[in-house]
Amino acid sequence: MTRMIARHRAAAGILALLALVLFYTLPEETGDAWGDVAMATLDVLMLLVVIAGGWALFTSPYFNILHRESPLRRAATGITDLDERELALRDRASGLTYNLFVVLNMIAIGALALAIEQAWVVLDGDMLMKAFIPYSYVSLFLPVLTLEWFEPSSLWATPIDDEEEA
Amino acid sequence: MFNRIALLRADGNVSRKALAEAVGVNPQTIGYLERGDYKPSLELAMKIAAFFGVPVELVFSFTPFESVTDALKRVQEAS
């Protein structure tokens, strides 16, 4: 059951991420064709997506683990605040995140190289800045999404205190 | 892997938080163990068994445990 919730949540997170990128890039590309009402609606939707994404991000167990991990202390002393399940989860998530980053970056670099070679795009500073923002969203959400795939966030899962009382 | 952690906790009136503190894990990990979503290390399994004062095979098993109702019926029929 918890795995199913985690998968649904991961799917919702990916959709929110795609919507965020879409809402950010679409008005810039087709801004002239949008009316004021449509643009305002889009702004509200974008804001909602950002709030939902931020909420999911900061209530995620990933941040809970990061907060309790004390990386500097672990590096210096070898002592960690995490238990064995959390360590396994962190290692699995970091491994998966790394693999996803490698695959995504290889695809992105390959596509960019092809586009430049074919003269479909001219690489300049403006384009890099434009591409960097959607990519930074991916960079921000990717670690959380990979972890959410395995473990439901506190946003959806029943809090431990409620389970105790039930 | 099946376990009787929830049953032993209820029997001893022990909260997840208390058990977690006693064996040195996050309370959420106890929840994961009880639901069977996480398999403990040998060290953690033995710590939990020691906390309840029972052999580890009474807490963890590869096969499903007999329900309390069935066990009570069996004991009553035998006596």
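So you know, we letter chains A, B, ... as the sequences are listed, proteins then strands, and number each from 1.
Panel note: side chain Glu84(A), backbone Ser41(B); a donor-acceptor pair is recorded below 3.5 Å.
Summarising the local packing, CD of Glu43(B) is surrounded by 12 or fewer heavy atoms from other residues, nucleotides or ligands at distances under 6.0 Å. No more than 12 heavy atoms of other residues, nucleotides or ligands sit less than 6.0 Å from atom CD of Gln76(B). Other residues, nucleotides and ligands contribute at most 12 non-hydrogen atoms within 6.0 Å of the CG atom of Asn13(B).
Atom-to-atom distance recorded for Asp83(A):CG and Tyr32(B):OH is 11.0 Å, nearest 0.5 angstrom. Note: Arg85(A) CZ to Gln28(B) CD = 6.0 Å, rounded to the nearest 0.5 Å.
Most heavy-atom pairs under 4.5 Å with chain A, from the set Val25(B), Ile30(B), Leu33(B): that is Val25(B).
Hydrophobic clustering, with ILVMFWY side chains joined whenever heavy atoms are under 4.5 angstrom apart, groups Met1(B) together with Leu19(B).
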